[in-house]
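Residue numbers begin at 1 in each chain, while the letters A, B, ... track the order of the sequences. All values below were derived from every heavy atom in this structure, side-chain atoms included, with hydrogens, water molecules and symmetry-related copies excluded.
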Amino acid sequence: MLPQKQIESALQAAVSAVLPAADVSAVLVRPCDPKFGDYQSNALMSLAKQLKLNPRQLATDVVAKLDVSAVCEKVEIAGAGFLNFRLKNSVLVAALQSAARGEHLFFAKAAAPKTVVVDFSSPNVAKPMHVGHIRSTGIGDALQRTLRLLGHTVVADNHIGDWGTQFGLLLLGWKKILDRAALEREPIAELERIYKTTNAECDANPAQREEAKLELVKLQAGDAENVAIWQEMIVLSQKQFATIYRRLGVKFDVALGESFYNPWLGEVVADLLTRGIARESEGAVGVFSDGTLPPKEDPFLVSRDGEWVADPALVRKSDGGFNYMTTDLATIGYRLKTWSPTAIVYVVDDRQFGHFKKLFLTFARWKAEDSKRTKLVHVGFGKILGDDGKPFKTRSGDTVKLGDLLDEAEKRAFKIVSEKSPDMPEAQRKEIARVIGLGAVKYADLLPNRQSDYIFSWDKMLALTGNTAPYLQYAYARIKSIFRKAEGTIQNAEIHLAAEQELILAKHLLNFGFTLEAVAEEYRPNYLCNYLYELAGKFTGFYENCPVLKAEDEATRNSRLALCALTAQVLQQGLQTLGIETVEQM
RNA sequence: GCGCGCGUAGCUCAAUUGGAUAGAGCGUCGGUCUCCGAAGCCGAAGGUUAUGGGUUCAACUCCCGUCGUGCGCACCA
């Protein structure tokens, strides 16, 4: 068990000894500012507040019952009631030593593994993937990788938009203005063109809009011609998706599009009606407020002119068609039946907050028993904005295509690699540029807090210096360079930690698991980015101050080599968890 | 109109959710390769966390007001 966990359980036991009735689940220990110690707990202060006790006195009582002598130096009570812990050097060394033996990599698998469906990426058929898709795809992929690493069972599901109103327009456009040659050259661009053109024509001509609707109805009724066209569009789109996902290194366990759930939509609505959860209104069917929530918190109510009026979640349109609320409910039904997940995580734009609020409440009413076992989570993220602070568009009015962004990233990286290593064979430079360029883009998207909107900038997205993936990859490559120069292999080296920078680095390595758990707990990959950036920084501090190959003696050299090897492993594992590759040289 | 967010250094963003002296990158200025990779490192300047109140041992974080700003408001997803 990692020292931090040992301290935590000892502390919880001590608190229970002093306050038998207290809930100790919030009694946590976390890494802290080195000037106070290695770990700290502030839990006693909030506990004292709840129970109206003197925090210093509580701390004194708890410390009297606390035995962490196996892992810590003397425990200090500081400030208003902080507990500061300082690790014994021998314990730190032992943790590193066991990691060096391959027993762990500073994290523990979850004690109670969960089954989690992660729903992410979700591009639309017949539309190009653009920069916006990097958010759902990158965050979702990093989260599913983190959950897997921690030992959970994950179902990565790409809920592709392959069924909906847009197909009415696409079918009409296909029949009227499709340019076959263009379709063969650039299928997605052509599909986008017919969609846009037809949409514009429908805006101008309502009769044409009706025609498009008719095409959709025919498709949904199984009309052979329309189904064939629709399938062709899907095949073309899937080629595009596959290319992008291959480049990004993103894999899904299943990719069940919206159309997959089509057969169940009718019965979902029927079921909702029978149970009295949904009712008819103005020819449509919707889920209405059940009055259990105060109006302000009730997503099924909206205030108009000072009065609360119904704002239902429609599950059947007045024309008899279904919409995405229906699909999402059917999808939940399928996922429950197929995987019995502990949680379903939706990595979707924050703008759909209202939709998910309605969806989750409807689910709880529809499947009350299941909703106790399966938690639905909307992992929302902010928008990508242009320089003007408005949702991102290029000058021509289109968003930047994801493929173009990746191309540019590799191009810029290639230029730098060629400058830095002109003697390297071109194929190798290309491969390094691919890893670095892609890493830069992914990391740039993962670094900010997911809920913040961020302003898109080519230079920031593709930056290769500063707090970027290449900085982390560089630290890794430097370590690899040391090992290329080191002669012979070092096995079971004894680790000694004496220099300040060695201790700082070693202690930070121990926090890898804490960080991974925080990422999984709050669905925030940026914690891992920051952790790795700090790790690379602390490694560099060590590297600048502590000679490895030219260490003063053999024992120090071997110990430092072991520390380097562990750092490289954590860097690589951490980057991999973010979906970012490493290179041996760059 | 109603609802939901956001406002932190010149710029772009963090701050593990109420913890001790708010941190990075970019940009600017200065230093640093005869010594394991300078995509690096060291230093300097830069802040009344929009604003006014409140809650408490402790507030960027919670509550109320104000200003600014973005998003969402049945039959698109």
Side-chain angles (χ1 to χ4, degrees), chain A residues 30-33 35-36 40 42 45-46 48-49 55-56 78-82 122 124 161 163-166 258 281-286 296-297 299-306 308 310-319 321-325 327-328 349-355 357 380 382-383 385 389-391 416-417 419-420 436 447-449 451-455 457 459-460 463-468 470-471 473-475 477-479 481-482 485-486 514-515 517-519 521-522 524 526-527 529-531 533-534 537 540-541 543-545 547-551 560 564 585-586:
Chain A
R30 53 191 40 172
C32 72
D33 191 321
K35 66 179 167 249
F36 299 123
Q40 175 172 90
N42 57 37
M45 290 181 285
S46 49
K49 180 153 205 155
R56 291 283 306 202
F82 293 101
S122 315
N124 285 319
W163 196 251
T165 313
Q166 78 263 30
E258 292 168 358
S281 166
E282 296 174 33
V285 176
K296 276 190 86 159
E297 292 166 30
F300 299 100
L301 294 177
V302 65
S303 169
R304 289 233 167 77
D305 303 323
W308 292 101
D311 184 29
L314 292 193
V315 292
R316 196 176 74 200
K317 300 189 277 186
S318 51
D319 66 4
F322 303 108
N323 58 18
Y324 82 135
M325 180 63 72
T327 310
D328 279 357
D349 194 325
D350 259 336
R351 279 177 289 198
Q352 295 200 33
F353 175 80
H355 166 70
K357 212 172 161 191
K383 296 174 290 298
L385 308 173
K390 300 205 166 130
I416 301 289
V417 176
E419 276 168 23
K420 305 267 179 193
I436 295 202
L447 181 61
N449 181 324
Q451 289 180 308
S452 312
D453 293 343
Y454 72 82
I455 296 184
S457 129
D459 288 340
K460 197 177 53 168
L464 306 174
T465 59
N467 187 354
T468 62
Y471 177 80
Q473 291 163 322
Y474 182 65
R478 276 175 148 184
I479 297 174
S481 173
I482 292 174
K485 288 180 177 142
F514 172 75
T515 306
E517 285 170 21
V519 171
E521 185 73 26
E522 298 181 34
R524 291 189 187 282
N526 67 312
Y527 290 159
C529 295
N530 283 318
Y531 168 81
Y533 179 66
E534 280 172 24
T540 306
Y543 183 87
E544 299 274 338
N545 291 285
V548 177
L549 297 175
K550 291 173 188 168
R560 286 180 178 167
C564 284
Q585 306 180 48
M586 57 188 275

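Picking from C76(B), C75(B), A39(B) the nucleotide with the shortest atom distance to the side chain of Thr165(A) gives C76(B). When distances are taken from the side chain of Val548(A) to each of A74(B), A77(B), C36(B), the shortest belongs to C36(B). The nucleotide whose nearest atom lies closest to any side-chain atom of Asn323(A) is, among A77(B), A20(B), G19(B), A77(B). The Tyr543(A) side chain lies nearest to A38(B) when the options are C75(B), C57(B), A38(B). When distances run from any side-chain atom of Met586(A) to the nucleotides A39(B), C75(B), G19(B), the shortest one goes to A39(B).
For A50(B), the base is anti relative to its sugar; the glycosidic angle deviates from 0 by more than 90°. An anti base is found at C63(B): its glycosidic angle is more than 90° from 0.
Only the P atoms considered, C71(B) is 37 Å distant from C29(B), to the nearest whole Å. Separating the P atom of G3(B) from that of A9(B) is a span of 29 Å, rounded to the nearest Å. Taking atom C1' in both A20(B) and C33(B), one finds a spacing of 40 Å when rounded to whole Å. Taking atom P in both C75(B) and A50(B), one finds a spacing of 38 Å when rounded to whole Å. Separation of the C1' atoms belonging to G68(B) and G30(B) is 39 Å when rounded to the nearest angstrom. For U56(B) and G43(B), the C1' atoms lie 39 Å apart once the distance is rounded to whole Å. A59(B) and G46(B) have their C1' atoms separated by 24 Å, with the value rounded to a whole Å. Nucleotides G7(B) and U16(B) are separated by 13 Å at their P atoms, to the nearest Å.
Gln166(A) comes within 4.0 angstrom of nothing in the nucleic acid, heavy atoms only. Using a 4.0 Å heavy-atom cutoff across all strands shown, Ala78(A) reaches at least one base atom of the nucleic acid. Residue Ile482(A) is classed as a sugar-phosphate contact, given heavy-atom separations below 4.0 Å to backbone atoms only. Residue Asp311(A) is classed as a sugar-phosphate contact, given heavy-atom separations below 4.0 Å to backbone atoms only. Among the protein residues, Gln352(A) comes within range of the nucleic acid bases, having at least one heavy atom under 4.0 Å from a base atom. Residue Ala477(A) is classed as a base contact, given a heavy-atom separation below 4.0 Å to a base.
Rounded to whole angstrom, the span from the CG atom of Asn545(A) across to the C1' atom of U32(B) amounts to 13 Å. The CD1 atom of Ile479(A) sits 12 Å away from the P atom of G37(B) (whole-angstrom rounding).
Side-chain atoms of Thr327(A) and base atoms of A77(B) include no donor and acceptor less than 3.5 Å apart. For Glu282(A) against A74(B), a side-chain N or O and a base N or O form a donor-acceptor pair under 3.5 Å.
One finds a side-chain N or O of Lys420(A) lying less than 4.0 angstrom from the OP1 or OP2 phosphate oxygen of A39(B). In terms of phosphate contacts, Ser481(A) brings a side-chain nitrogen or oxygen within less than 4.0 Å of OP1 or OP2 of G37(B). Taking only side-chain nitrogens and oxygens, Lys49(A) never comes nearer than 4.0 Å to OP1 or OP2 of A58(B).
From Glu521(A), atom CD reaches atom OH of Tyr527(A) across 10.0 Å, with rounding to the nearest 0.5 Å. Taken to the nearest 0.5 Å, the NZ atom of Lys485(A) stands 8.5 Å off from the NZ atom of Lys550(A). For the atom pair CG (Asp349(A)) and OG (Ser122(A)), the distance works out to 11.5 Å, reported to the nearest 0.5 Å. Between the CD atom of Gln166(A) and the CG atom of Asn124(A) there is a distance of 5.5 Å, given to the nearest 0.5 Å.
Applying the ring pair (Phe, Tyr, Trp, His ring centres under 6.0 Å) test to Phe322(A) and every residue at least two apart in sequence or in another chain returns nothing. By the ring pair (Phe, Tyr, Trp, His ring centres under 6.0 Å) test, Tyr531(A) pairs with His508(A), Phe512(A), sequence neighbours left out.
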As a check on the pairing definition, encode RNA chain B in dot-bracket form, counting Watson-Crick and G-U wobble pairs whose two distances are under 3.5 Å, and using | for partners outside this strand. (((((((..((((.....[...)))).(((((.......))))).....(((((..]....))))))))))))....
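Using a 4.5 Å heavy-atom cutoff, the side chains of Leu447(A) and Lys460(A) are not in contact. For the pair Tyr324(A)/Gln352(A), a side-chain contact is recorded, criterion being any heavy-atom separation below 4.5 Å from C-beta on. Counting only heavy atoms from C-beta outward, the side chains of Arg524(A) and Gln451(A) approach each other to under 4.5 Å.
Ring planes of Tyr471(A) and Tyr533(A): tilted class, angle from 30 to 60°.
Formation of a donor-acceptor pair under 3.5 Å by the Lys357(A) side chain with backbone atoms of Glu297(A) is found in this model.
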Take Thr540(A) and Arg478(A), measure what side chain to side chain contact (heavy atoms under 4.5 Å, CB included) needs, and give me the verdict at the end. CA-CA 9 Å; Thr540(A) 306; Arg478(A) 276 175 148 184; 3.7 Å; yes
Quick one: do Glu534(A) and Thr515(A) satisfy side chain to side chain contact (heavy atoms under 4.5 Å, CB included)? Show the steps, please. CA-CA 12 Å; Glu534(A) 280 172 24; Thr515(A) 306; over 6 Å; no
Could you walk me through whether Thr165(A) and Asn323(A) pass side chain to side chain contact (heavy atoms under 4.5 Å, CB included), step by step? CA-CA 9 Å; Thr165(A) 313; Asn323(A) 58 18; over 6 Å; no
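Residue Met586(A) comes nearest to Pro470(A) through the heavy atom pair CE-O, 3.7 Å, listed as atom of the first residue, atom of the second, then distance.
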Each nucleotide N or O in nucleotides 28-30 of chain B that has a protein N or O under 3.5 Å away: list the pair and distance.
none

Output a table of nitrogen or oxygen pairs between the protein and nucleotides 40-42 of chain B separated by less than 3.5 Å.
| residue | atom | partner | partner atom | Å |
| --- | --- | --- | --- | --- |
| G40(B) | OP1 | Gly466(A) | N | 3.3 |
| G40(B) | O2' | Arg478(A) | NH1 | 3.2 |
| G40(B) | O2' | Arg478(A) | NH2 | 3.4 |
| C41(B) | OP1 | Tyr471(A) | OH | 2.8 |
| C41(B) | O4' | Glu544(A) | OE2 | 3.3 |

Dump the pairs, protein N or O against N or O of nucleotides 13-16 of chain B, anything under 3.5 Å, distances to one decimal.
| residue | atom | partner | partner atom | Å |
| --- | --- | --- | --- | --- |
| C13(B) | OP1 | Ile455(A) | N | 2.7 |
| A14(B) | OP1 | Asn449(A) | N | 2.8 |
| A14(B) | OP1 | Asn449(A) | O | 3.3 |
| A14(B) | OP1 | Ser452(A) | OG | 2.4 |
| A14(B) | OP2 | Ser452(A) | OG | 3.4 |
| A14(B) | O5' | Asn449(A) | N | 3.4 |
| A14(B) | O2' | Asn530(A) | ND2 | 3.2 |
| A15(B) | OP1 | Asn526(A) | ND2 | 3.3 |
| A15(B) | OP2 | Asn449(A) | ND2 | 3.4 |
| U16(B) | O4' | Tyr527(A) | OH | 3.2 |
| U16(B) | O3' | Arg30(A) | NH1 | 3.2 |

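Annotation: of the two residues near RNA chain B, Pro55(A) and Arg316(A), the 5′-most nearest-nucleotide partner is Pro55(A). Nucleotides of RNA chain B nearest to Gly321(A) and Gly79(A) differ in position, and the one nearer the 5' end is that of Gly79(A).
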